[in-house]
Amino acid sequence: MAKAIPKISSRRNGRISSRKGARRIPKGVIHVQASFNNTIVTVTDVRGRVVSWSSAGTSGFKGTRRGTPFAAQTAAANAIRTVVDQGMQRAEVMIKGPGLGRDAALRAIRRSGILLTFVRDVTPMPHNGCRPPKKRRV
């Protein structure tokens, strides 16, 4: 009679990867991408893995209201609420884009109680690269 080969690893033996809520993140990076139509706030750990994100659209704003400073403030507060629960104390802030939500998102981040090590503007600026599109005649 042949013996049954025991399973070496199965899902019931134990979790291999850590759960989202179980991770402790003391330091992270907050990326704010502010365009004229929307503001996206992404919170990552120092290695660049996304921990939490939110945008003005996912916060319940539709149409032209997504580009407003209040929508950006709400999106930043929603993204940061989850990482504060996971234990984030310090963060770096990278702001990109020309939108209205830049200052409002930064104000919401400051109000959340996270210590900011530095705030950097990473808006891409061309060094006279591509030719811009022709000006609109309205």
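Note that the structure is predicted; figures quoted are calculated from it, not measured.
- S52 is linked by a side chain to side chain donor-acceptor pair (under 3.5 Å) to T82, counting only residues two or more places apart in sequence or in another chain.
- Here ring pair (Phe, Tyr, Trp, His ring centres under 6.0 Å) pairs that include residues 69-110, with residues two or more places apart or in two chains, are F61-F70.
- With sequence neighbours excluded, the residues satisfying side chain to side chain donor-acceptor pair (under 3.5 Å) with R49 are D45.
- Note on M88: it clusters hydrophobically with V84, by side-chain heavy-atom contacts below 4.5 Å among ILVMFWY residues.
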> Are V29 and V43 close enough, and set up right, to give a side-chain contact (heavy atoms from CB on, under 4.5 Å), and what steps lead you there?
Replying inline: CA-CA 6 Å; V29 184; V43 185; over 6 Å; no

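- Between K27 and E92, some side-chain heavy-atom pair lies under the 4.5 Å cut-off.
- Heavy-atom minimum distance, A71 versus A56: CB-CB, 3.7 Å.
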Taking only distance into account, with no hydrogens and no angle test, what donor-acceptor pairs under 3.5 Å do side-chain atoms of residues 112-124 form with protein atoms, sequence neighbours excluded?
residue : atom : partner : partner atom : Å
S112    : OG   : I109    : O            : 2.6
T117    : OG1  : A91     : O            : 3.3
D121    : OD1  : T123    : N            : 3.3
D121    : OD1  : T123    : OG1          : 2.7
D121    : OD2  : R102    : NH2          : 3.4
T123    : OG1  : G97     : N            : 3.2

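- Considering every non-hydrogen atom in both P69 and A104, the closest pair reads O-CB, 3.2 Å.
- Partners of R81 according to the side chain to side chain donor-acceptor pair (under 3.5 Å) rule, which considers only residues two or more places apart in sequence or in another chain, are N78.
- Between L106 and V93 there is a side-chain heavy-atom pair separated by less than 4.5 Å.
- Taking 4.5 Å as the limit, every side-chain heavy atom of I95 sits out of range of all side-chain heavy atoms of H31.
- The same ILVMFWY cluster, assembled from side-chain heavy atoms under 4.5 Å apart, contains both V83 and V32.
- Of the inter-residue distances, the one linking T58 atom OG1 with N38 atom CG reads 8.0 Å to the nearest 0.5 angstrom.
- Every pair tested for salt bridge (charged side-chain N to carboxylate O under 4.0 Å, His left out) that includes a residue from residues 60-73 fails, sequence neighbours excluded, so the list is empty.
- Across A75 and S59, no two heavy atoms sit closer than the pair CA-OG, 3.5 Å.
- Criterion: ILVMFWY side-chain heavy atoms under 4.5 Å apart, direct or through other members. Under it, I30 and V46 are not part of a common hydrophobic cluster.
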